[in-house]
> 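A single structure is presented below for examination.
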Amino acid sequence: MIIHVDQVGYLPTERKLAIYTENCCNCGHTIQENAPLPSEVPAGFGLQLVDEERISTGVELTITKHGFEEAAGEVTWIIDFSKCETEGTYYLIDDKGNESYPIHIGVDVYKKAFYDMNRMFYFQRCGSELLPEHAGSFARPCCHTAEVSDYENPEHRFILNGGWHDAGDYGRYATAGAVTIGHLLYAFSMFRNNYHFDMNLPETGNGLPDILNEVRYELDWLLGMQFEDGGVSHKLTSLEHAGYVLPHEDHLPFYRLPVSSLATGDFAGAMALASRIYKEYDAAYAERLKAAALRAWDWLEAHPSLVFEPYPEVRTGGYGDRSDLDERLWACAELARLTGEERFHTELYRFSYSHINRTRFGWADVSGFAGICILFAPDGTFGEEITACFRNSFSDRGYILHHTTLENGYRLSMRANEFHWGSNNDVMNNAIVLLIAGMVTGNREYISDASEHLHYLFGRNPLDISYVSGEGANAMKDPHNRASFAMKERMTPPGFVSGGPNPRRNDEYAANVIPEGTPSLKCFVDDYRSYSTNEIAIYWNSIAVLALAYFV
Ligand code: 9MR
Ligand code: ZN
C-alpha cells in the first residue's frame, strides 16, 4: 500500500490525516537520507476522496510534502481530509490506481474496538473455566488451580488462584498486574460516561459496572500476593515458561517469589485507587482494599531503599527496575487522596520533587499515575504547589511531543531510535501524555495529536497493519500467545494489542526474517514465533484502552 489510513476509523469532527508514500517499500528496503528525492511531484498525485462506489466526494484535500522519515525509511506526504465530516465509508485513490483500505468516518467508529480491548482481560483469566456463552470458540477448561509454593519455603503450599495471565505466557506478575489495574481504573474514573456497556462476563448484571467486575478478578488475586508483614511478592510463576500448550495443559509447579519494593509500591497504589473507586459500590470490599494498601505502605516505610532480587534461575518475566521512587510516589499520592492523612501529603513532596520523569505509565515507571490522581482530584484535595508541579510536567512534555509529532512523517511523537520491545506501549504512553496536556492546558491541538497515535495503532503505519487483532481490514492475527497458537487453528479473539515494531529484534525469528538495518517502523512480523515484536500483554491492552477511552 502506498496510501496509509486508520482502518478502524476517524471521528467526524477530529483532524483526519492519511499518509502517502511514493516509494512503497514494505520489504525493508531502506532509502538513504541523501538519496535524491523525486524531483517532480505531480500536482497532488491525482489524489481524491471517493465514496464506496468510487465516485469523487469533491472534498478538498490538503497535501503537504513531509520529506524523508527516518523511522520509516520513506519519503512521505501528509494528506489532510478533515473537511469530510459526513459519516460514511470512503477511499483515498490516486491517479495510478492505488487505493487505500476503506476509511470509516463516524461518531461510533471506536466503540467495537473499545469493547473488544476491554474484554481482552476476560480471555486472560487464570483459574476459571471460560464458558462458551462468554468465550465462544475460545471456551476452555479451568487452568492453574494446583497448590503453589513459596519459593524460599517450598513446604509452604497453598491455593492462590485467579488473576490474568500476563501475556503470551502464563506468569502472573504483581507489578504488571497492578499497572494494568491502574490503566483500567483511571480510564473508568476519567471517562466514566464511556463505560455504560455490559461485557458479557459471568458477573454481568450483579450491579457493578462490568469493567469493575473484570478488574476485581485481578484485585482478588493480587490481594493473595501480600505477605503477613505487608510486603508483596514480585511474581507467581513457574521456573520457566510453559511449552506451547493451552493454559489447562500447563502443569508446571508455580512458586510465589519473595517480596520486592516495586511490587509493594505498585500494590499500595493500585489498592488505594481501587478502594476509592469501589467504595461507591461495595463499602466492605473498599475497606479491605484500603487496609491492604495501608499495610503495604507500612512495609515500604520500614524498607526505605529498593528491595529487588532478580532470581536469574527463574527464567520467566523479570520486570526488574533500578528505582522504586515512582512506585512509592504513586502509592503515596493515592493514599493521600484516599485517607486525607497529613503524613501522605508531607511525603508526597519528597517523592514528587525527586529526579523522576513524571509522565510515565508503564510497568517500570508509574509516576504518571500519581499525576492523574493529583490533577483530576476534586479542587483543594492537593496543594497548589504539588498540582502545579504535575501540571507543568504534563504541559512541558505535551509541548515537546506536539512538536515531535509535527516533525514525524507518520505524525507520531516517536523518533526512529526510540522503538524497542513493546514500542506500542510508548506510542500509547505519549498519546495519554498529549491527552492530559490537552486537558490541563486547554490546547485542542494536543488532543488531536493524541488521536494521531491511535491512527498509527489502527493501521496508519508503513506496514498497513492494525496492531489490534480483529480491528481493521488488515489486523494482526498471529500473535505470540500460547492460548492462541496452541489451538488447532491458530486463533485470537478481537481486541488484543500487539507489542509492535522492535528494531532490536530480540527473538530468533525476528532476527532471521527482518534484515539488519530495517527502518524501525518496519521491524515487525505478524508471526507467533516473534515474541519480541508480536506478543500480547495485559498492560499493552490496558494502556491502549486508557488512550482510546477519551475518543469513544
Ligand atoms: O514488556 C516487557 C518489555 O518491556 C521487556 O523489554 C521484555 C524483556 O524483558 O519483557 C517484556 O515483558 C514480558 C515479560 O517479561 C514476560 N511476559 C511477557 C511480557 C511481554 O513480552
Ligand atoms: Zn492459568
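Remember, it's 1-based here, ligands and their atoms both numbered in the order they're listed.
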> Applying ring-ring contact (aromatic ring centres under 6.0 Å, His included) between W363 and each of Y173, W421, Y319, F369, report the one that passes.
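Between W363 and the candidates, ring-ring contact (aromatic ring centres under 6.0 Å, His included) is satisfied uniquely by Y319.
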> Which atoms form the tightest heavy-atom contact between L236 and M225, and what is the distance?
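Scanning both residues completely, I find the closest heavy atoms to be N-CE, 3.6 Å.
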> Parallel, tilted or perpendicular, judged at 30° and 60°: which one describes the rings of H480 and Y244?
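Because their plane-to-plane angle is over 60°, the rings of H480 and Y244 count as perpendicular.
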> The Zn ion (ligand 2): which protein N, O or S atoms are under 2.8 Å away?
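Hits for the Zn ion (ligand 2) below 2.8 Å: C126 SG, C143 SG, H144 ND1, H165 NE2.
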> If we count only N and O atoms by modelled type, under 3.5 Å, do the side chains of T405 and D449 hold a donor and an acceptor together?
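Note: T405 and D449 side chains miss the donor-acceptor criterion.
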> Quick one: side chain to side chain donor-acceptor pair (under 3.5 Å) partners of Q226, sequence neighbours excluded?
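Testing Q226 for side chain to side chain donor-acceptor pair (under 3.5 Å), a comparison that skips the adjacent residues, returns R295.
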> Between R482 and G168, which heavy-atom pair has the shortest distance, and what is it?
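Closest heavy-atom pair between R482 and G168: NH1-O, 3.0 Å.
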> Taking side chain to side chain donor-acceptor pair (under 3.5 Å) as the test, write out the residues that go with S149, two or more places apart.
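Result, side chain to side chain donor-acceptor pair (under 3.5 Å) vs S149: R157.
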> Please report the C-alpha distance between T204 and D198 in whole Å, then the side-chain angles of each, then the deciding distance to 0.1 Å, and finally whether the side chain to side chain donor-acceptor pair (under 3.5 Å) criterion is met.
CA-CA 7 Å; T204 299; D198 288 345; 5.6 Å; no
> Which protein N or O atoms sit under 3.5 Å from any N or O of ligand 1? Give atom names and distances.
residue, atom, partner, partner atom, Å
ligand 1, 1 (O), W363, NE1, 3.4
ligand 1, 1 (O), Y539, OH, 2.7
ligand 1, 4 (O), W363, NE1, 3.1
ligand 1, 12 (O), Y319, OH, 3.4
ligand 1, 12 (O), Y539, OH, 3.1
ligand 1, 17 (N), D166, OD2, 2.9
ligand 1, 17 (N), D169, OD1, 3.0
ligand 1, 21 (O), W421, NE1, 3.1
ligand 1, 21 (O), E535, OE1, 3.0

> Are the side chains of R216 and Y285 in touch, meaning some heavy atoms are under 4.5 Å apart?
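Contact flag for R216/Y285 side chains = yes.
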